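To keep things clear, I will list the structure first and then write my remarks on it.
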Number of protein chains: 2
Amino acid sequence: MAAPRRTTLHDVAQEVGVSAKTVSRVLNGDGPTSAQTREKVLAAVERLGFQPNLMARNIRTGGPDTTVGLIIPDMGNPFFGTVARGIEDAIRERGLTLLMGSSADDPDRERALITTFLARRVSALMVAPTARADHAHLRTARSSGMPVVFLDRPGAGLTADCVVSSNRAGGREGTAHLIAGRHRRIAFIGDRPVGLFTRRERLAGYREALEAAGLPYDRSLVVDGHTQAEAAEATVRLLRRAEPPTAILAANNLSAMGTVLGLARAGRRDIALVSFDDLPFAEVLEPAITAVAQDPAAIGAAAAELALARLDGDRTRARTVTVPTRLIVRGSGELPPGT
Amino acid sequence: MAAPRRTTLHDVAQEVGVSAKTVSRVLNGDGPTSAQTREKVLAAVERLGFQPNLMARNIRTGGPDTTVGLIIPDMGNPFFGTVARGIEDAIRERGLTLLMGSSADDPDRERALITTFLARRVSALMVAPTARADHAHLRTARSSGMPVVFLDRPGAGLTADCVVSSNRAGGREGTAHLIAGRHRRIAFIGDRPVGLFTRRERLAGYREALEAAGLPYDRSLVVDGHTQAEAAEATVRLLRRAEPPTAILAANNLSAMGTVLGLARAGRRDIALVSFDDLPFAEVLEPAITAVAQDPAAIGAAAAELALARLDGDRTRARTVTVPTRLIVRGSGELPPGT
DNA sequence: TTGAAAGCGCTAACAG
DNA sequence: CTGTTAGCGCTTTCAA
């Protein structure tokens with residue numbers, strides 16, 4: 001039992017006894033059609049279960065496809081998942097569909113996805129770029145009219161629209177909050193690679209806050225904790241030092257989760273913590289976690305808005321939209337330094 | 001400055017001085033080609049920045065498009081995000097790309113996405129169906145050879161492959177764990193609607209465990225907590241009763257988060273809790289949360305495997321794959337009933 | 001108000 | 001080893 005050929009516009013036309021073009025007119029509501037034929041056509045469409053082939057349509061009309069390509073590091077990460085959802089909700093209203101892929105922080109995989117998306121003639125491309133990727137190769141595509149928006153971090157080798165959190169201000173604010181609690185040895189647990197935009201910016205904010213308070217910058221207090229496990233270990237090691245920190249700024253959600261875990265393992269409830277990026281359980285933990293909250297849905301919405309404006313003909317120069325972070329004080333940041 | 005027309009196969013052919021078909025042969029490696037022409041063609045492809053139009057190719061070859069349609073309730077939900085990632089990783093190896101959308105638990109939105117995906121001639125369709133959706137309309141598409149796989153819950157009106165967690169066994173095991181701790185009044189906090197497959201199954205497991213232990217089933221101990229806020233309130237209300245429960249089985253991750261929140265608000269650390277679906281902070285909380293863990297990545301992988309097998313010609317009857325859950329004992333389930 | 005012809009970018013089928 | 005012709009399913013263009 002071979003799969004039956006799917007019914008086409010012609011099948012419908014034949015069924016009704018009109019030309020294919022007439023069916024097309026009825027379905028797309030362009031040319032004029034008599035009420036009679038319209039009715040007959042619609043009935044036949046229903047009867048045969050006809051579904052127009054969007055790709056065939058597209059190839060003829062020549063424009064870009066009604067899809068938007070989106071590349072994020074990992075779909076399982078709720079931060080990026082929520083960004084994606086924000087994008088989807090915004091482009092849905094324009095009848096656009098998401099073509100999605102995870103780069104897994106691998107530049108080659110990212111590159112492969114971009115190639116595929118371009119081959120599919122996406123209307124726009126949105127990428128949370130991996131650290132080592134180069135995007136110069138996107139120039140041709142963009143100069144032929146396809147909007148490119150970078151998410152969370154700017155791309156390399158290509159000036160394009162970009163949506164980021166207020167990383168530096170957030171890092172500064174979170175650190176200042178700890179300093180206000182009279183902490184003087186504040187560790188920074190960051191992700192990798194060290195050159196990663198978000199890490200760099202948040203670290204810069206951390207340093208600005210130290211400087212503003214006249215505190216020295218101690219490089220040895222800046223450690224790596226890219227995964228939850230790594231951050232937990234890093235935390236434990238920090239606390240074993242001769243001169244341990246009394247407070248920690250965790251530079252992203254995974255680092256923060258690991259830090260919480262590490263503190264729990266070390267049995268330390270006297271270490272202050274501020275997490276960059278809010279955590280699902282922040283208010284249930286004891287102490288509740290003070291966080292520099294990002295707004296991933298707003299990031300997605302802003303990215304979509306930028307791209308749609310470009311599709312509508314906006315030819316102004318590339319913009320960077322900064323979505324503000326918000327310090328949510330809950331308690332973990334206010335533990336007094338135990339000296 | 002109008003957008004320049006994108007370069008086509010013909011442009012490349014002309015540039016080199018061969019026919020379009022020759023370029024096609026070089027690029028797709030089907031027919032034989034001399035090393036010389038191949039080289040010249042590839043150089044021209046590079047020079048002109050040619051990218052083949054996948055949709056045009058597709059329309060000619062006639063088969064389904066090299067995309068897979070995936071519909072989940074919410075991309076921001078890490079459970080479904082991880083399922084999606086599992087699917088993506090599996091289909092990538094076959095050169096398939098994900099077309100994705102969120103149903104937002106709205107049957108109409110789900111239906112619209114399905115229609116779009118069918119119009120795009122996806123190779124396969126994977127859906128975590130909304131509670132009230134009907135899928136009879138998918139029969140035509142499926143009988144024309146397109147695999148359909150339901151995720152997390154079976155679809156309605158259509159017998160198709162399906163991948164679910166061992167909901168009933170998990171519910172039973174989680175409840176039995178509480179009973180083993182000598183609890184006799186165990187509440188069930190579930191999501192909505194009441195008819196939702198996962199809720200029904202988990203509740204059935206809960207009842208089986210009660211029955212096996214000779215405990216009565218008390219309907220008043222089964223309450224709704226679909227969102228985190230709702231579950232928190234439900235928990236507080238439960239504990240205010242004349243005869244409060246001494247233990248709680250939370251039927252999904254949101255309910256569990258809310259329950260934890262409710263317990264914290266009520267200042268009750270003496271209520272035992274088992275969460276269906278593991279929580280990111282489970283081991284950091286005090287007490288650490290005992291969970292019936294699901295395996296979303298495995299669910300995604302299994303779904304992809306089913307769909308790919310169908311694409312490879314598997315015509316056996318529809319299967320339901322059950323991905324086992326795993327009880328992770330951490331402490332919260334072993335609080336003794338305080339009488 | 002409708003139809004016929006041509007063609008979007010690509011490949012199948014045949015020829016050379 | 002390469003080119004030609006035809007046509008995928010649809011829409012544009014022009015004519016009736």
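Every chain is numbered from 1 and lettered A, B, ... according to where its sequence line falls, protein lines coming before strand lines. Note that the structure is predicted; figures quoted are calculated from it, not measured.
With sequence neighbours excluded, no residue satisfies side chain to side chain donor-acceptor pair (under 3.5 Å) with B:T140. Residues passing the side chain to side chain donor-acceptor pair (under 3.5 Å) test with B:S19, sequence neighbours excluded: B:T22. In this view, A:D295 satisfies the salt bridge (Lys or Arg N to Asp or Glu O under 4.0 Å) rule with no residue, not counting sequence neighbours. In this structure A:D30 satisfies the side chain to side chain donor-acceptor pair (under 3.5 Å) test with no other residue, sequence neighbours excluded. Remark: B:S165 pairs with B:Q294 by the side chain to side chain donor-acceptor pair (under 3.5 Å) rule, at least two apart or across chains. Evaluation of the salt bridge (Lys or Arg N to Asp or Glu O under 4.0 Å) rule for A:E15 yields A:R47 as partners, not counting sequence neighbours. The salt bridge (Lys or Arg N to Asp or Glu O under 4.0 Å) check on A:R319 picks up A:D314, with sequence neighbours excluded. With sequence neighbours excluded, the residues satisfying side chain to side chain contact (heavy atoms under 4.5 Å, CB included) with B:L308 are B:R94, B:L96, B:L311.
There is a side-chain donor-acceptor pair under 3.5 Å between A:R120 and B:T66.
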Original post:
Which letter, B, S or -, goes with each nucleotide of nucleotides 8-16 of chain C from 5' to 3', with contact meaning a protein heavy atom under 4.0 Å?
Top reply: BBBBB----
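Remark: A:T22 is in phosphate contact with C:dG3, judged by side-chain N or O atoms under 4.0 Å from OP1 or OP2.
The nucleotide range of DNA chain D contacted by chain B, defined by atoms under 4.0 angstrom from heavy atoms of the protein and reported 5' to 3', is D:dC1 to D:dC8.
With the end axes of the helix from C:dT1-D:dA16 to C:dG16-D:dC1 each set by five pairs, the angle from one to the other reads 40° at 10° resolution.
Remark: P of C:dT1 and CD of A:Q36 are 12 Å apart, rounded to the nearest angstrom.
Among residue pairs with one or both ends in residues 67-121 of chain A, none qualify as ring pair (Phe, Tyr, Trp, His ring centres under 6.0 Å); sequence neighbours excluded.
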